[in-house]
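Working notes, beginning with the structure itself.
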Number of protein chains: 2
Amino acid sequence: MAQNIYDSENFFKNYIQLPRQVKGLAGTPEWSALKSLLPDPKGTQFLDLGCGFGWVCRWSRENGSVAAHGVDVSEKMLCKARSFPTDSAITYTRADLETFELPPNTYDIAFSSLSFHYLKNLPSLIQQIYKTLTPGGALVFSVEHPVYTAPQDPKVVPGSEYQTIWSLASYLDEGPRISNWLADGVVKQHRTISTYATILLEAGFALAALEEWGPTQEQIKASPHTAFSFLLLKAVKAK
Amino acid sequence: MAQNIYDSENFFKNYIQLPRQVKGLAGTPEWSALKSLLPDPKGTQFLDLGCGFGWVCRWSRENGSVAAHGVDVSEKMLCKARSFPTDSAITYTRADLETFELPPNTYDIAFSSLSFHYLKNLPSLIQQIYKTLTPGGALVFSVEHPVYTAPQDPKVVPGSEYQTIWSLASYLDEGPRISNWLADGVVKQHRTISTYATILLEAGFALAALEEWGPTQEQIKASPHTAFSFLLLKAVKAK
């Protein structure tokens, strides 16, 4: 199974202080880009993989989803998610996304924010998502931009006052990368943009959008934690 | 119009010494990856945009294309292309790809190798290609990997014996980049991977493949000019 860093005390106590946890979607700078990729949740069955505190499940309900199902490997995250006012149409399951089985032909929208780069066996999950989506259904997800997961030695080399320089020698070498973000020894899986696209195409999806999101200067100033670029993908199952 | 660096004496005299010009496809390390993306040329009308010396037009004819049409902005390149043994089913046109008009519903395969990153107005060409393709037709092309066109200041910063380090601060800032590759002042247009994908999707294409090709250690040893990564894309027009 994938590492469950979120249940480590050290990581969690730092993690819950990030603006995206404190403020939810209002503290998530890439949310407006993700939202514009998401189909209208009205009348849909909504699935959030790596749902964390359940912000997006609740957003889908506020915007008319029939039901929302959040899945997360972290007990601490789900405990916090369940602390919000009860909505019987939102259900949460604690499960490892690497081995979780999804029911066929069930969800209209599958969503995932910044979780898939922790998974070793992503192709198998993407195949499961393809099967669990109804015809015409969509998968929208974000991952850390592969440029950020590429370095084997993830130190940022200071270039000048205005820039940082990354070693990309290992960009095409996929596999685990260990970083010390919020806690020591966080394991992420580095994949190229090409591999993300190919996994989706091989599962049967059509690629509907591929965005490389970056924060504005204002967003970086407001929170140095946002000085990161994400890869956003939208894939659609044929009707 | 796009810069026509190929007709500058200085550039051309260096350019024709590259293995990919001297040896053709056998000296083009990414050719086998591109070839595996290309549909079988048998029985097709084949279009090569930025055809250079015409290697791929001739390859398509050797593999059964009915006719091949090469387009290039460079007189010197076409002059060399025409010096090969005559094949009346291969025609060459000198034209600026930024303004060239393609006939509708004509070609089954459109191809381009390492040309599109010179063009300012790529969306308009891609729309033209979409119209010129027959239903079910495919566009296969390569460009320099955006990681290589990203730096505003394209010096390679030596990292250690085994790696080079690139400044990617300007990755998301698209636009012209000036490099001194083979001659001074070569202008390339930097676009993100996302923009290449989006231009194709917005023109109506389905994305069929997105590959980030890199040379093997053997290929780099054989020719230092190959120590470059390319983005290969395949887009298909619905039947």
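Keep in mind that this is a model prediction, so the values were computed, not measured. Below, read A as the first sequence line, B as the second, and so on, with proteins coming before strands; counting in each chain starts at 1.
Scored by the ring-ring contact (aromatic ring centres under 6.0 Å, His included) test, B:Phe205 finds B:Tyr130 as partners (sequence neighbours excluded). Judged as a ring-ring contact (aromatic ring centres under 6.0 Å, His included), and not counting sequence neighbours, A:Tyr107 has no contacts.
Listed in order of number, the residues of residues 32-43 of chain B that approach chain A to under 4.5 Å between heavy atoms amount to none. Within residues 193-202 of chain A, the residues approaching chain B closer than 4.5 Å by heavy atoms are, in numerical order, A:Ile193, A:Ser194, A:Ala197, A:Thr198, A:Leu201.
Pairing each heavy atom of B:Gly214 with each of A:Leu172, the nearest pair is CA-CD1, 3.4 Å.
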